[in-house]
J.: 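Quick one: the structure is below, questions incoming.
Side chains are part of it too, since the values below use all heavy atoms of this structure and drop only hydrogens, waters and symmetry mates. As the structure lists them, so they are numbered: ligands from 1, and atoms in each ligand from 1. Because the structure is predicted, anything quoted here is derived from the model rather than measured.
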Amino acid sequence: MSFTFCTTKSLICAPDASQNIGEYCHALGIRKALIVTDPGITDIGLHTEIVSALEVANIPTTLFAQVQMDPPASTIKLAVDYAKSYDIDGVIGLGGGSSLDTAKLIAALVNSSQSLDDIYGIDKVSSGRLPLIQIPTTAGTGSEVTPISIVTTEDSQKLGIISNVLLPDIALLDPVLTRGLPPHITAATGVDAMVHAIEAYTSVHKKNPYSDMLAKQALTLMAGAINTAVFDGKNLKARHDMMLGATLAGQAFANAPVAAVHALAYPLGGHYHIPHGLSNALVLPHVLRFNHIAAFEHYAELYDTIAVPSSLPTKRKSEAFIAYFENLVPELELPNRLREVNVPKTDLEMLAADGIKQQRLLVNNPREMTEQDILSIYQQAY
Ligand SMILES: NC(=O)c1ccc[n+]([C@@H]2O[C@H](COP(=O)([O-])OP(=O)(O)OC[C@H]3O[C@@H](n4cnc5c(N)ncnc54)[C@H](O)[C@@H]3O)[C@@H](O)[C@H]2O)c1
Ligand SMILES: [Fe+2]
């Protein structure tokens, strides 16, 4: 079997690792850095110690703190223009997937003749990029180890830019930064990361032994930690396991791409700005049930990574795996019906028409999905 596997070159995982940011900037030759983050992060001052550490290391910084959730194309363009007006030679992404995805695009576009509109899709980035350090503050997207940025276009589509140029130089995993992450964001981003592991493991075209190994370890870590991380957020061991698990899942799906859960989640994010992890959680159990007849062997294998290995028959294990997620979403106190997040019932056809456009993802699903299938999944989730 042939496969390729690419990931971020350096991974540093330690409590308070972000305090050593100066050292890592020096290693990459960064002398003037742009920090890219969102107002939620600056409001709680999560950036201040990093800015101080850079000052101590004699690295002047500029802050772009206007990233919006599910970053719209207009925000990316604003951020790139902002970066162009400063003489920076390195980018530090600090925040959840929205900030990290924006940081990647700034690093790639700031010195490029290409614009955002030129690079949507796969392998369209023709230039290099500035040195890039990513510091996640959610344990979710895995953006610190993926070659992907997701942008919300003017017509509410979520489009991907996929290029190995976007793989960062350093992923700095500091679980201390997630200790104040509110329970509902911890829950939603954690479920997103678990979905990355599941969908990588069942990915039809690029499933490979490296991604499999990472996906299994990711699920073991996160299934053991997610409840504690949500309800006892200061627990550093749980925060560490969630952060590492999310990164491992990111490495897995960067090389064995995600599928129908994400394809059906994107229209929810694009139209109603339902947070990415919550969009995934809302459709997850229904997509797993739909996939069961095609994917039960893989789901059974994954069940052994989250539960005490048992001698249940394969199909029963797969059902137990699906039931685990059916129970997990309400247990984490996330809404689990589309109606609870105010999706109008009359929109379901429109959502299904949008969902079927996500062929980039649907081709990876273990069972083929028609527009009618997507509609009935949204109806079940309603
Ligand atoms: N690049 C990829 O591979 C990839 C993969 C999956 C999803 N995504 C994208 O990532 C985005 C979602 O990212 P996300 O789920 O990490 O959320 P996010 O970046 O949109 O942030 C959500 C909220 O959490 C807050 N927050 C973040 N860290 C915090 C902390 N430590 N303490 C308190 N508040 C904090 C932010 O201020 C923000 O309000 C979406 O646009 C999605 O499409 C990208
Ligand atoms: Fe995701």
J.: Taking non-hydrogen atoms only, is T141 closer than 4.0 angstrom to ligand 1 via side chain, backbone, both or neither?
T.: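 T141 to ligand 1: contacts from backbone and side chain alike.
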J.: Can you pull out the closest protein heavy atom to atom 44 (C) of ligand 1? Residue, atom name and distance to 0.1 Å, please.
T.: D101 OD2, 3.1 Å
J.: Look at atom 14 (P) of ligand 1 and say which protein heavy atom is nearest, naming residue and atom and giving the distance to 0.1 Å.
T.: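 Going atom by atom, the protein heavy atom closest to atom 14 (P) of ligand 1 ends up being G97 N, 3.5 Å.
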J.: Working to the nearest 0.5 Å, report the span between CG of N336 and CG of L332.
T.: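 Separation between the atoms: 11.0 Å.
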J.: Rounded to the nearest 0.5 Å, what's the gap from CD1 on I148 to CG on N164? Could you check?
T.: 10.0 Å
J.: Could you identify the N, O or S atom of D192 positioned closest to the Fe ion (ligand 2)?
T.: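 Answer by atom name: OD1.
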J.: As an exercise, identify every atom of ligand 1 less than 4.0 angstrom from a heavy atom of T138.
T.: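 Under 4.0 Å from T138, ligand 1 has these atoms: 16 (O), 27 (C), 28 (N).
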J.: Is ligand 1 under 4.0 Å from a heavy atom in the side chain of T137, in the backbone, in both, or in neither?
T.: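 Both backbone and side chain.
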J.: So, applying side chain to side chain contact (heavy atoms under 4.5 Å, CB included) with L159, which one of V151, T153, I150 is it?
T.: T153
J.: Are any side-chain N or O atoms of D38 and backbone N or O atoms of Q68, one a donor and one an acceptor, separated by less than 3.5 Å?
T.: no
J.: Should one rank L166, L177, I41 by closest heavy-atom distance to atom 31 (N) of ligand 1, which comes out on top?
T.: L177
J.: Does P182 come within less than 4.0 angstrom of ligand 1, counting non-hydrogen atoms of the residue?
T.: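 True for this residue.
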J.: Of the protein's non-hydrogen atoms, which lies at the shortest distance from atom 43 (O) of ligand 1, and what is that distance?
T.: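 For atom 43 (O) of ligand 1, the nearest protein heavy atom is K158 NZ, 2.8 Å.
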J.: Quick check on the 6.0 Å ring-centre criterion: do Y82 and Y86 meet it?
T.: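 Close enough - the centres of the two rings lie under 6.0 Å apart.
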J.: Is the F321 ring parallel, tilted or perpendicular to the F325 ring (thresholds 30°, 60°)?
T.: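 Perpendicular: the ring planes of F321 and F325 meet at over 60°.
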J.: Counting each atom of ligand 1 from 1 as listed, which ones have a heavy atom of L46 under 4.0 Å away?
T.: 30 (C), 31 (N)
J.: Is the closest basic N to carboxylate O distance between R289 and E326 below 4.0 Å?
T.: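 Result for this pair is yes, salt bridge flagged.
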J.: Return the residue, atom name and 0.1 Å-rounded distance of the protein heavy atom closest to atom 15 (O) of ligand 1.
T.: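 Checked against all protein heavy atoms, atom 15 (O) of ligand 1 sits closest to T189 CG2, 3.4 Å.
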J.: By number and element, which atoms of ligand 1 are closer than 4.0 Å to a non-hydrogen atom of H196?
T.: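 Checking each atom against H196, I get 6 (C).
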J.: For G40, take its heavy atoms, then give the atoms of ligand 1 lying under 4.0 Å from any of them.
T.: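 Matching atoms, with element in brackets: 37 (O).
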J.: Provide, to 0.1 Å, the distance between atom 18 (P) of ligand 1 and the closest protein heavy atom, together with that atom's residue and name.
T.: S98 OG, 3.5 Å
J.: Less than 3.5 Å apart, any donor N or O on the side chain of T370 or D373 sitting next to an acceptor on the other?
T.: yes
J.: Can a non-hydrogen atom of R179 be found less than 4.0 Å from any atom of ligand 1?
T.: no
J.: Can you tell if the side chain of D169 reaches within under 4.5 Å of the side chain of R129, non-hydrogen atoms only?
T.: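 Yes, close enough: below the 4.5 Å cut-off.
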J.: Would you kindly specify which portion of T152 sits under 4.0 Å from ligand 1, judged on non-hydrogen atoms: side chain, backbone, both or neither?
T.: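 The answer is neither; T152 stays 4.0 Å or more away.
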J.: Do you see a donor-acceptor pair shorter than 3.5 Å between the side chains of T202 and H298?
T.: no
J.: State if P71 counts as touching ligand 1 under the rule of any non-hydrogen atom under 4.0 Å.
T.: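 P71: in contact with ligand 1 (<4.0 Å).
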J.: Heavy-atom contacts with G96 under 4.0 Å: which atoms of ligand 1 show up? List them by number with element.
T.: 16 (O), 19 (O)
J.: Suppose you place the vertex at the Fe ion (ligand 2); what is the angle out to H196 NE2 and H262 NE2, to 10°?
T.: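 Value returned, to the nearest 10°, is 100°.
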J.: Using distance alone, with no hydrogens and no angle criterion, decide if N227 and E331 have a side-chain donor and acceptor under 3.5 Å apart.
T.: yes
J.: Using only heavy-atom distances, determine whether the side chains of S211 and K206 contain a donor-acceptor pair under 3.5 Å.
T.: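 Per modelled atom types, S211 and K206 side chains form no pair under 3.5 Å.
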J.: Looking at atom 35 (C) of ligand 1, what's its closest protein heavy atom, distance included?
T.: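 The closest one turns out to be L181 CD1, 3.5 Å.
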J.: Does F296 have K317 sitting over its ring (NZ/CZ under 6.0 Å from centre, angle to axis within 45°)?
T.: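 No - K317 does not lie over the ring of F296 by the 6.0 Å and 45° rule.
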J.: Who's the nearest protein heavy-atom neighbour of atom 21 (O) of ligand 1, and how far?
T.: M69 CG, 4.2 Å
J.: Minimum distance, heavy atoms only, to atom 41 (O) of ligand 1: which one of I44, D38, D70 is it?
T.: D70
J.: Hey, are D354 and K357 close enough for a salt bridge, meaning a charged N less than 4.0 Å from a carboxylate O?
T.: yes
J.: Which of the atoms in ligand 1, numbered in the order shown and given with their element, are less than 4.0 Å from a heavy-atom of F253?
T.: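 Taking each heavy atom of F253 in turn, ligand 1 has 3 (O), 5 (C) under 4.0 Å.
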J.: Going by the atom numbers of ligand 1, which of them fall below 4.0 Å from some non-hydrogen atom of I150?
T.: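 Contacts of ligand 1 toward I150, numbered from 1: 43 (O), 44 (C).
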J.: If you have a sec, work out which protein heavy atom is nearest atom 2 (C) of ligand 1 and how many Å separate them, to one decimal?
T.: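 Here the closest protein heavy atom is T146 OG1, 3.4 Å.
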J.: Test of understanding: given a 4.0 Å heavy-atom threshold, classify the contact between I185 and ligand 1 as side chain, backbone, both, or neither.
T.: side chain
J.: Determine the interplanar angle of the F253 and H262 rings, folded into 0 to 90°, and report it as parallel if under 30°, tilted if 30 to 60°, perpendicular if over 60°.
T.: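 Taking H262 first and then F253, their aromatic rings lie parallel (interplane angle under 30°).
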